[in-house]
Amino acid sequence: KQEVTQIPAALSVPEGENLVLNCSFTDSAIYNLQWFRQDPGKGLTSLLLIQSSQREQTSGRLNASLDKSSGRSTLYIAASQPGDSATYLCAVRAGANSKLTFGKGITLSVRP
Amino acid sequence: GAVVSQHPSWVICKSGTSVKIECRSLDFQATTMFWYRQFPKQSLMLMATSNEGSKATYEQGVEKDKFLINHASLTLSTLTVTSAHPEDSSFYICSATANSPLHFGNGTRLTVT
């Protein structure tokens, strides 16, 4: 059974800091991995999707990497801003039509 | 980009009543839809997977007679919480896919009083 772990559960950093959010998964046979952002009481916003054959994806200040063999992914946020404060969820998928298995998320607070 | 509309965004109901939540894929045909549930400060837990025209597949521990899922067309799936109780209060999110990245609705906050 796939398990996704995100540690720590919460993180507080000063504005402008570069930071790394970690995600680990137990079964390396994944189809893809996706990072989401969730604001309080809201739905999910997809940030980056990495296919199993890819090593990283970039979008603006965000960069996500994938190391399938070690079961790890990181989300790098450059020059963090207060508007980046949210919960960041990592999720993996076993197949094209399979469900997503989510981690519990990391709640990020960026202090002005 | 693909859009998934979920309605209502929030609902308050009395214990014992039933509530229906709709999930629509607006600009694509979703062969598969997923229903998730999220408790405060917890991750999203899959409740069931539904494919158009067939019965939903429920995850272990999810009561299929309590959480009725209908996927009558390629653009619409509904989740009905029957005889709701306060412990059913939660955030319900649907997602849809057509052999592509999953697209999520904005969720429904259900409060049962």
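Chain letters run A, B, ... following the sequence lines, proteins first, then strands; residues in each count from 1.
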A:Phe36 vs B:Leu44 side-chain heavy atoms within contact, under 4.5 Å: no

Chain A contact via B:Thr31 - side chain, backbone, both or neither, heavy atoms under 4.5 Å: side chain

Co-membership, hydrophobic cluster, residues A:Val92 and A:Leu66, 4.5 Å side-chain: yes

Same apolar cluster: B:Trp35 and A:Leu100, side chain cutoff 4.5 Å: no

Within 6.0 angstrom of B:Arg109 CZ, more than 12 heavy atoms from elsewhere: yes

Hphob cluster co-occupancy, B:Ile69 + B:Met47, side-chain heavy atoms under 4.5 angstrom: yes

Chain B-proximal positions within residues 6-26 of chain A [heavy-atom distance under 4.5 Å]: none

Part of B:Gln38 lying under 4.5 Å from any heavy atom of chain A: side chain

Common cluster, B:Tyr36/B:Val62, ILVMFWY with side-chain heavy-atom separation under 4.5 Å: no

Residue B:Lys55 excluded, over 12 heavy atoms near NZ under 6.0 Å: no

Heavy atoms from other residues, nucleotides or ligands near NE2 of B:His7 exceed 12 (cutoff 6.0 Å): no

Pairwise distance NZ(A:Lys99) to CE(B:Met45) - rounded to 0.5 angstrom: 7.5 Å

Linked, directly or transitively: B:Phe67 and B:Ile21 (ILVMFWY side chains, under 4.5 Å): yes

Shortest non-hydrogen separation from B:Thr97 to A:Arg93 and the atoms involved: OG1-NH2, 3.2 Å

Residues of residues 38-57 of chain A contacting chain B, heavy-atom criterion under 4.5 Å, by residue number: A:Gln38, A:Gly41, A:Lys42, A:Gly43, A:Leu44, A:Leu49

More than 12 heavy atoms from other groups under 6.0 Å of NZ on A:Lys104: no

